[in-house]
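The structure under discussion appears below in the form of structure tokens.
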Amino acid sequence: MQRFHTHLGRDIRLTSGSARDLAPGEFGLLAIDGGAGGWSVVHKGPSGEVMELNNEMHFETPEAALAFVKELIELLGPAAA
């Protein structure tokens, strides 16, 4: 799976479990225990705060997490130019 995706102008990055490498405005797919514990979806806000978007529900695969974040992005609409 690719480590970087863009959907409707919004960036999504697959990471090893830390949101510190995300840029403000990016979505992240975080590996929990190297992926063995599942995958979490987060968003890093403009001032650096990180919010987990899938509550305590973790996805089994990065593909499932990516599908979830793409649906969220579609609900939000395209990024402002």
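Treat the numbers as computed from the prediction; the structure is a model and nothing was measured.
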Query raised in the report: Hey, which of H5, E26, Q2 is the one that makes side chain to side chain donor-acceptor pair (under 3.5 Å) with R13?
Result: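 Single side chain to side chain donor-acceptor pair (under 3.5 Å) partner of R13 among H5, E26, Q2: E26.
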Query raised in the report: In a check of side chain to side chain contact (heavy atoms under 4.5 Å, CB included) between L66 and each of V41, L14, L29, T61, which one passes?
Result: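 Among V41, L14, L29, T61, the one that satisfies the side chain to side chain contact (heavy atoms under 4.5 Å, CB included) with L66 is L29.
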Could you report the tightest heavy-atom contact between [X] and [Y], atom names first, then the distance?
{"X": "E52", "Y": "S40", "result": "OE2-OG, 3.0 Å"}
{"X": "A31", "Y": "G35", "result": "CB-N, 3.6 Å"}
{"X": "A65", "Y": "W39", "result": "CB-CB, 4.0 Å"}

Do [X] and [Y] belong together in a cluster built from hydrophobic side chains that touch within less than 4.5 Å?
{"X": "L72", "Y": "M51", "answer": "yes"}
{"X": "I73", "Y": "V50", "answer": "no"}
{"X": "I32", "Y": "F59", "answer": "no"}

Query raised in the report: Is any side-chain heavy atom of N54 less than 4.5 Å from a side-chain heavy atom of F68?
Result: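 Result yes, sub-4.5 Å side-chain heavy-atom pair found.
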Query raised in the report: Do the non-hydrogen side-chain atoms of L76 and R10 ever get within less than 4.5 Å of each other?
Result: yes
Report task. Check side chain to side chain donor-acceptor pair (under 3.5 Å) between D11 and all other residues, then give those that pass, not counting sequence neighbours. Result ->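 Checked D11 against side chain to side chain donor-acceptor pair (under 3.5 Å); matches are T6.
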Query raised in the report: About how many Å separate CG of L30 and OG of S16, when rounded to the nearest 0.5 Å?
Result: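 The OG atom of S16 sits 8.5 Å away from the CG atom of L30.
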Report summary line: So side chain to side chain donor-acceptor pair (under 3.5 Å) across residues 66-78, not counting sequence neighbours, yields H7-E74
Query raised in the report: Are the side chain of K44 and the backbone of L22 linked by a donor-acceptor contact shorter than 3.5 Å?
Result: yes
